[in-house]
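Beneath this line is the structure, given in structure tokens, with notes to follow.
The basis for the numbers below is simple: all heavy atoms, side chains too, and nothing from hydrogens, waters or symmetry mates. Residue numbers begin at 1 in each chain, while the letters A, B, ... track the order of the sequences.
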Number of protein chains: 2
Amino acid sequence: MLSIENSKKRVTIHDVAAAAGVSISTASKALNNTGRVGIETRERVKRVSVEIGFRPNALARGLLSKRSFTIGLLTNDTYGRFTLPLMAGVAEALVDHGVSVFLCAIEDDPAMGQIHVEAMLDKQVDGIIATGKRIDRSLPVDLSNLPVPVVYAFTEGRADSVSFRSDDGQGAKLAVEWLSRIGRRRIVHLTGPEAFFSVRERAAAYSAATAHKEPVLYGVWSESWGHEAVARIWSAPGEKPDALFCGNDQIARGAVDALREHGIKVPEEVSVVGFDNWEIVAAQTRPPLTTVDMELKELGRQAGLTVLALAEGRPVEPGVRKLPCRLVVRQSCGGQPSEK
Amino acid sequence: MLSIENSKKRVTIHDVAAAAGVSISTASKALNNTGRVGIETRERVKRVSVEIGFRPNALARGLLSKRSFTIGLLTNDTYGRFTLPLMAGVAEALVDHGVSVFLCAIEDDPAMGQIHVEAMLDKQVDGIIATGKRIDRSLPVDLSNLPVPVVYAFTEGRADSVSFRSDDGQGAKLAVEWLSRIGRRRIVHLTGPEAFFSVRERAAAYSAATAHKEPVLYGVWSESWGHEAVARIWSAPGEKPDALFCGNDQIARGAVDALREHGIKVPEEVSVVGFDNWEIVAAQTRPPLTTVDMELKELGRQAGLTVLALAEGRPVEPGVRKLPCRLVVRQSCGGQPSEK
DNA sequence: CTGAAAGCGCTTACAG
DNA sequence: CTGAAAGCGCTTACAG
């Protein structure tokens, strides 16, 4: 039978004070480099503290400072496609500041969401980052009027707050420009449901960059739509595209597979660009996909730094900030692959 | 400019005591249903407390109770493939008990890992769940001799502790039995690197269940290995398999794609089973894959309940617990798909 | 330069 | 049945 012996008593500041032969107030000041403490005393206290393995209790500290050095990350992207990279960025940005993050995946049940938010507040989080899977939908929880700052990332935020999202227009432009630069002239845009804001934004940027020569094909976010679209295009009469700019990697993968099955060579005859840089899809496609990366980790990093600033009372300009996307070049376009 | 007005003072137990006209000790007892408090007083305190929106400060509580109602989830699966479902299970099991979870993705840098573990301990987590991406590798951090209980899930644990993992042998048996039941006789096992413990375990169960009629083909965890293996098998002389049991969904997908390209019908001529039930791969394969699900969410749930038990001092039998896998039937095998 | 005291928000014996 | 007091582990004015 296993059971935790609570014999391992944690060492407190009383222990270091006793061991160093000073009062606990002196010990505290010595350890925190505050107040006036003799240099020799300070050194001794510090030395003793590491010797006996003292680690300050963050709960006690938080009680005084009103800072828990903890933030909550709320998401309804239970699949983790967008949340994980974002979370990694948040954590990476905040670990140096000693803050940890509570991850909380809420289903689309508002009641459950409320419970989770309250649990976070009870634990005195210094702030909350709300994130989702769609920039034009908000989380099913009321985040207004909270006693802590809220920052939105990859989800619809309140008008008077700070939101971060990728610049989908710029990402689309990146894709089209790359295709043009390698000599493609008939670029078709194959994408998801028009109801998605990011779909419309990407489509608009695509149209602007190509001077509206081709129609945009809206569909769903699946490989089979990629297949179907290719079948439709290549069975229709008229000149065929020499490039496909797809709304996500799944569509792109479906398109590439379909092209191969039609005996059309990628990238020799047709170049294909995806969107998302979802490794499991993009890297396993034959050939591997050149695709647009939304830099979610960077998004997370900035969101993290921003809640921190707000929590510390530093002023932050409200509004939505679009972060640039990056083109990841693999082999589905031809041209010279650059390591970027 | 946005900045948080700390004007929104949190309401404390003093406020409810004052509003209810009692002392704070009475207020505390009333709210917690402890001690002797007049029924009428208790009701009034409770009513007042919700009226003014009182929520107890978990930090203050934790300081007294030595319980933070917080646990840490440590993982080196930064991609999130295994961690997210597991985490969902942990959170789901613990939310009713009021415990929140810190998610902490460590790279394979032991120093960073140590920092994260210490940050968790400083925050007085009640326990830690260690998880990874391979049951035969341990995390790059020293988790021995911690003042809190540690439970392992989907990662190599210490001998004297509790570990949870899926029963890969049973999972493989499930796959082979299903193939036999639908009439397949020549089942080939196409899998990952033999260096993986789970690969060997699955292979052993496969061999036992098929009476060693066919050799096991070891390779890597990629679609291209699935392709290559099919090409190799179908170009060799002799009788061909009528079923492929693959070590993961990627290999299975590669195999299915290759079979289609060879003009071999799935599932009519050859049945294929995968492993992992990784939606993005399994559901998008043509036809969608029948595959073995490791029930990671359930694994997480049990791991969560177990750290909790340990944290509360309840005894737990040490050792590794294997949880059963489940077969998810889609269309890659034929036979009658059952909704399970 | 050092320490005694008060206090963060709460709970828990202990008196009354 | 109710409340004053002590204390969880720490920090921070305030005296000395």
Q. Do the side-chain N or O atoms of A:S25 get closer than 4.0 angstrom to the phosphate oxygens (OP1, OP2) of C:dG3?
A. no
Q: For C:dG7 and D:dA4, measure between their P atoms and round to the nearest Å.
A: 16 Å
Q) With distance as the sole criterion, is a donor-acceptor pair present between the side chains of A:R134 and A:N76 under 3.5 Å? A) no
**Q.** N/O (side chain, B:R61) to phosphate O (OP1/OP2, C:dT11) under 4.0 Å
**A.** yes
**Q.** Length of the line joining A:N33:CG and D:dT12:C1', which is rounded to integer Å
**A.** 16 Å
Q) Under 4.5 Å between any side-chain heavy atoms of B:R10 and A:P147, yes or no? A) yes
Q) Across the strands shown, which category fits A:T41 at heavy-atom distances under 4.0 angstrom: base, sugar-phosphate, nothing? A) sugar-phosphate
Q: Tell me yes or no: between the side chains of A:S25 and A:S28, is some donor less than 3.5 Å from an acceptor?
A: no
**Q.** Close side-chain approach of A:L94 to A:I71, heavy-atom, < 4.5 Å
**A.** yes
**Q.** Spacing of A:I52 atom CD1 relative to D:dG9 atom C1', expressed in whole Å
**A.** 14 Å
Q) To the nearest angstrom, how far is A:L59 atom CG from D:dT11 atom P? A) 13 Å
Q. If you look only at pairs with a residue in residues 83-112 of chain A, which of them pass as a ring-ring contact (aromatic ring centres under 6.0 Å, His included), with sequence neighbours excluded?
A. A:F102-B:F102
Q | Closest to side chain of A:K29, choosing from C:dG3, C:dT11, C:dC1 | A | C:dG3
Q: Select one nucleotide: of D:dT11, C:dT2, D:dT2, the one nearest the side-chain heavy atoms of A:V37.
A: C:dT2
Q.
Testing the 3.5 Å rule here: is there a donor-acceptor pair between the side chains of A:S100 and A:T70?
A. no
Q.
Please report the distance, rounded to the nearest Å, between CZ in A:R42 and P in C:dC1.
A. 9 Å
Q.
Whole angstroms only, please: what is the CG-P distance between B:L31 and C:dC10?
A. 10 Å
Q) Could you give the CD-to-C1' distance, from A:Q124 to D:dC10, as a whole number of Å? A) 16 Å
Q. To the nearest Å, how far apart are A:E43 CD and C:dC1 C1'?
A. 15 Å
Q: For A:T12, answer base if it contacts any base atom (sugar-phosphate contacts may also be present), sugar-phosphate if it contacts only those atoms, and nothing otherwise; contact means non-hydrogen atoms under 4.0 Å.
A: sugar-phosphate
Q. In which stems does DNA chain C show up, taking only runs of three or more Watson-Crick or G-U wobble pairs whose two distances fall under 3.5 Å?
A. C:1-3 with D:14-16, C:5-12 with D:5-12, C:14-16 with D:1-3
Q.
Does either side chain, that of A:E298 or that of A:Q302, offer a donor lying less than 3.5 Å from an acceptor on the other one?
A. yes
Q) For residues B:K66 and A:N57, is any side-chain donor paired with an opposing acceptor at under 3.5 Å? A) no
(Q) Just the rounded figure in Å: distance from C1' of C:dG9 to CZ of B:R10. (A) 12 Å
(Q) Tell me whether the side-chain N/O atoms of B:T26 come closer than 4.0 Å to OP1 or OP2 in D:dG3. (A) yes
(Q) Between B:E40 and B:R44, does any NZ, NE, NH1 or NH2 come within less than 4.0 Å of an OD or OE carboxylate oxygen? (A) yes
Listing time: all N or O pairs from protein to nucleotides 6-8 of chain C that are below 3.5 Å?
residue, atom, partner, partner atom, Å
C:dC8, O3', A:K66, NZ, 3.0

Q. Of all the nucleotides listed (C:dC10, D:dC1, D:dG3), which has the minimum atom distance to the side chain of B:R36?
A. D:dC1
Q: Please check if any side-chain donor atom of B:S144 sits under 3.5 Å from a side-chain acceptor atom of B:D142, or the reverse.
A: yes
